[in-house]
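This report concerns only the one structure given below.
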Amino acid sequence: MAMNAADIAAWLASHPEFFHDYAEMLAEIQVPHPHAAHSVPLIERQLLLLRDKNRQLASHMRELLRYGEQNDVIVDRAHRMAIDLLRANTAERVLQISYSHLRLDFAVPCADIRLVHPRAQGLGEIYLANIPELERLGERPYCGPYASDAVLQWFPDAHRMQSFARVALRTVRGEVFGMLALASDDPNRFTSDMNTELLSRIAALMAAAFERTLEL
C-alpha cells in the first residue's frame with residue numbers, strides 16, 4: 001500500500017530511532033531553504049529555523065521590556081500626582097494639581113472637571129447644579145468617539161474633538177459628586193478597546209482629594 005506524506009510523517013514520529021540508525025541521511029537529505037529558492041541539508045534547515053525562533057523570542061523579550069519601562073513611567077507619574085494631591089489643602093489647589101498633571105504628565109490636550117455637590121459652589125465654573133444623566137454617564141469609565149451634549153459644552157473646541165473619555169468622581173461611600181471628562185482631536189487617543197484602569201485610578205485620587213478638602 002502506497003504511503004502519503006502524512007503516513008510518512010506519522011511513521012517517522014513513531015520511530016525516532018530511524019535517524020539514529022541512518023545518521024548520514026541527515027546530511028544528505030536536501031530541503032527547501034526557508035528564505036531562498038535553493039535547497040539546503042536538513043540539519044542546516046533546522047539550524048535556520050532555530051535562529052528564526054531565537055530572533056522572534058528576542059524581539060518578544062524586547063517588546064516586553066519596552067512595555068515594562070512604559071508601565072514604570074506611568075506608575076511614577078501617578079505616584080507623583082498622588083503625593084501632590086495629598087499635600088493639597090484646598091479644593092482650588094486640588095483642581096490646579098489635577099489639570100497640571102493631566103496636561104504635563106499624561107499629555108491630555110483637553111480635560112475638564114465638573115462637580116455637582118453644593119460645597120463646590122465656590123469653585124467657579126466647575127460647579128454645576130446638575131449634570132444631565134450623571135448617574136448613567138458615570139456608571140463605568142467610557143472611552144470612545146462619542147460624548148453627550150452636556151459634556152460637549154464643557155469644551156470650547158468641541159467641534160474639533162474626535163475622541164473622548166469620562167469617569168465619575170465618587171465619595172468613599174460611592175456617591176457620585178462629579179465627573180472628569182477628557183477629549184482629543186486625535187480619533188485614536190481614546191478608543192473603545194482601551195483599558196480604563198489608569199483612568200479609574202486617577203479619578204479615584206482626584207475624588208479622594210476633593211472629598212477631603214471640601215469635607216463631603
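In what follows, every heavy atom counts, from backbone to side chain, and hydrogens, waters and symmetry copies are set aside.
Under the 3.5 Å distance criterion, the side-chain polar atoms of Thr196 are left unmatched by any main-chain donor or acceptor of Leu199.
Between Asp84 and Ile97, the shortest heavy-atom contact is O-CD1, 3.2 Å. Of all the heavy atoms in Phe155 and Ala181, the pair that sits closest is CZ-O, 3.8 Å. Across all non-hydrogen atoms, the minimal contact from Arg189 to Ala107 is NH1-O, 2.8 Å.
Ring orientation note: the planes of Phe177 and Phe210 are nearly perpendicular, at an angle over 60° on the 30°/60° scale.
Looking at Tyr142 and Met194, their side chains never come closer than 4.5 Å, going by heavy atoms from C-beta outward. Residues Thr171 and Val176 form no side-chain contact, since every pair of their non-hydrogen atoms from C-beta on lies 4.5 Å or further apart. Between Glu175 and Glu211 there is no side-chain heavy-atom pair separated by less than 4.5 Å. Within the 4.5 Å cutoff, the side chain of Phe164 has heavy atoms near those of the Leu152 side chain. Considering only heavy atoms from C-beta on, Leu95 comes within 4.5 Å of Ile126 through its side chain. With a 4.5 Å cut-off on side-chain heavy atoms, Ser200 and Arg140 do not count as touching. Residues Thr191 and Cys143 form no side-chain contact, since every pair of their non-hydrogen atoms from C-beta on lies 4.5 Å or further apart. A 4.5 Å side-chain heavy-atom check between Met81 and Ile202 finds at least one atom pair inside the cut-off.
Salt bridge status for Arg80 with Asp76: present, with a side-chain N to carboxylate O gap under 4.0 Å. Salt bridge Arg160/Asp157: present, at least one basic N to carboxylate O contact under 4.0 Å.
Note on Val116: it clusters hydrophobically with Val151, by side-chain heavy-atom contacts below 4.5 Å among ILVMFWY residues. Note: the hydrophobic cluster containing Tyr127 does not contain Met206 (ILVMFWY, side chain heavy atoms under 4.5 Å, direct or indirect links).
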Verdict with reasoning, Val172 to Leu216, per side-chain contact (heavy atoms from CB on, under 4.5 Å): CA-CA 10 Å; Val172 69; Leu216 303 184; over 6 Å; no
Steps toward side-chain contact (heavy atoms from CB on, under 4.5 Å) verdict (Glu92, Leu123): CA-CA 7 Å; Glu92 289 84 357; Leu123 296 178; 3.5 Å; yes
side-chain contact (heavy atoms from CB on, under 4.5 Å) between Leu85 and Val94, worked out: CA-CA 6 Å; Leu85 288 172; Val94 171; 3.9 Å; yes
Tyr99/Asp112 under side-chain contact (heavy atoms from CB on, under 4.5 Å): CA gap, chis, key distance, verdict: CA-CA 8 Å; Tyr99 281 144; Asp112 219 312; 3.5 Å; yes
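Note: Leu198 CG to Arg77 CZ = 10.5 Å, rounded to the nearest 0.5 Å.
For residues 115-128, no pair satisfies salt bridge (charged side-chain N to carboxylate O under 4.0 Å, His left out), with sequence neighbours left out.
Side-chain atoms of Asp186 and Ser184 form no donor-acceptor pair, as typed in the model, at a separation below 3.5 Å.
Under the side chain to side chain donor-acceptor pair (under 3.5 Å) criterion, Gln121 pairs with no residue, sequence neighbours left out.
With a 6.0 Å radius and a threshold of 12 heavy atoms from other residues, nucleotides or ligands, Arg212 has its CZ atom above the threshold.
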